[in-house]
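The structure appears below as structure tokens.
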Amino acid sequence: MAPLAAIDGFAQSAPAAESTASPQPAHGLAMHGTPLYPADFTSYRSVNADAPRRGRLTQGTVGTFDSLNPFIVRGTPPPFIRWNVVESLMARCPDEAFTVYGLLARSIETDDARSYVAFELDPAARFSDGAPVTPADVLFSFELLRSRGRPNLRTYYGKVASAEAVGSRGVRFRFGEEDRELPLILALMPILAQHATDPAHFEETSFRAPLGSGPYVVSQVKPGESVVLDRAPDYWGRDLPVNRGLYNFDSLRYDFYRDVNGLFEAFKRGLYDIRFETDPGRWTTGYDIPARRQGRIVLEEIATEVPKPYSALVFNMRRPVFADARVRAAMVELFDFEWINQNLYFGAYTRTGSFYEGSELSARGRPADARERELLAPFTEAVLPAVMDGSWQPPVSDGSGRDRARLRRALELFEAAGWTLTGGEMVRRSDGTPFRPELVVGTKDQERLALAYQHMVRRAGVALEIRLVDNVQFEARKQSYDYDMVPYIWDQSLSPGNEQAFYFGSAAADTPGTRNFMGLRSPAADAMIRALLVARRREDFASAVRALDRVLISAGFSLPLFHTPTQWLARWTEVARPGRPALSGTLAESWWAAG
């Protein structure tokens, strides 16, 4: 992993001299430093700008859906409506940590303090029904999402003090608090058509997608089974630099399967085109089929430059059973990663320990620098000494599945928390209540891991109950925090920002629909999130993120699992991809029909 200073978008991140010049509209804006691409750029470097535009791409996923509105709490929407159907004022560049370039808005303006942001709409911008995108649509979208959108949108847009139209194509937002990410957050606001959106029914689930301005429109829907998107006729933004080489298929089909085995069998039969594999067993042995031997299926390992996903079993600290950090630590001690990795996953996984694993933003194996210590000084109890000095690592076993040292340590932690092993059962010392937490899972793969873990904790007298539910129930229980334990994966970027409050902020702990699944309420985490949001220099930003990482690790609200070292990709050769991946790996929107 290259240091952040060497990654595009940070190359010029040294503090600039104070300028008295008036702010000017620009073609793009970077979170730190200056944009990688100049005003006259023609395409991103991670795309094939000359890719043919034809054919259909079919993708598959496990689960279902009961709504096509991704901007509200209710329902389970598919992830592909955003960007394919509903665009934003600007587009986020896949080749930089966090930079936006013109899309619906052809320019962006802000001051040195980033106290406001202004956009000028592209006069060519049109919704898919041909109606022009106007400042009124932008202000309508802002007000609707701020009052009735998902909790993260309400939080972000709630920081705006005023919003107004400027002339015939301009919109200006002024901010009520310091947050240097807000100009970019507003740039990524989804823009809905005022004339085609009913505010009174916006929060209701619907199989009718919002009217957007994107490259595709929804053409076919089989509820819970499949969705087909067709290229929007006369798409206004086809030749913009941010779109060149993207959205190359005439249609996109998304099929939903009940379980992972059915999904995999469908791929082997050629029912969908690309598959991002996560199971080492399937990756190692499952693709030994005629289509691969004939060269019709290709397997590729693609390096990424973003933090590895933080996969974990999350403890719900809202529940009394996991309110004590010592109980949570005991449950972590009982998880034998070394045995599971070797016996279930062919030794192909790498243990995860940091929420920003594999990047310069990670605190793992790195002592806190002076800036981190300064930020954390008011919160001396929030970070464990081993986490502060960089010596902390997830527990390591002897790989036998019966590590007595780990078991002994777990029993000591239970005893300190008021639990004791009696007659082979872990019970509360005060009243004899058995320790029987429930782990809710949504897939057979999750159940397989859960059952192995269930066997491990049984050695300490823990009667872990496993409950497998369907996708709709799983999502509903997650969104309402109805579980003792639940698996989850936090994906992070090289520019974590406002979403960190949605993941880890105290205000999100009691708000349904956030990703604060553990119920974390930490003044230290809140302070570190504020620090990373106001940082101007890359060095200060990185220190703030590492300080947040130390707080999250020390809080012990999850059992860290594992990640793949690279992106594992299987594809039928009827589709092709660019040779140079984006920072996060290869992106399906950059693919094209081969041949």
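Below, each value reflects all heavy atoms present in this structure, side chains not excepted, and no hydrogens, waters or symmetry copies.
- Between the side chains of E181 and N498, at least one donor N or O lies within less than 3.5 Å of an accepting N or O.
- Between K444 and D259 no salt bridge is recorded (no basic side-chain N to carboxylate O distance below 4.0 Å).
- Ion pair D470/R258 not flagged as a salt bridge, since none of the NZ, NE, NH1 or NH2 atoms sits closer than 4.0 Å to an Asp/Glu carboxylate oxygen.
- A salt bridge links E438 to R477: one of the charged nitrogens lies within less than 4.0 Å of a carboxylate oxygen.
- The shortest side-chain heavy-atom distance between F256 and E225 does not fall under the 4.5 Å cut-off.
- Under 4.0 Å is where a charged nitrogen must lie from a carboxylate oxygen, and between D273 and R253 no such pair does.
- Aromatic rings of Y503 and F517 (six-membered ring for Trp) have centroids beyond the 6.0 Å cut-off, not under it.
- Taking a cutoff of 4.0 Å between a charged side-chain nitrogen and a carboxylate oxygen, D250 and R54 do not qualify as a salt bridge.
- Judged by a 6.0 Å distance limit and a 45° cone about the ring axis, R150 is not positioned over the six-membered ring of F71.
- R515 meets the salt bridge (Lys or Arg N to Asp or Glu O under 4.0 Å) test with no other residue; sequence neighbours excluded.
- Because its NZ or CZ atom is not both nearer than 6.0 Å to the ring centre of F249 and within 45° of the ring axis, R231 does not count as a cation-pi partner of that residue.
- Between the side chain of Q473 and the main chain of V469, no donor-acceptor pair closer than 3.5 Å is present.
- Partners of F276 under the ring-ring contact (aromatic ring centres under 6.0 Å, His included) rule, at least two apart in sequence or in another chain, do not exist in this structure.
- Between Y235 and Y216, a ring centre-to-centre spacing not shorter than 6.0 Å is recorded.
- With sequence neighbours excluded, the residues forming a ring-ring contact (aromatic ring centres under 6.0 Å, His included) with F173 are F142, listed by chain and number.
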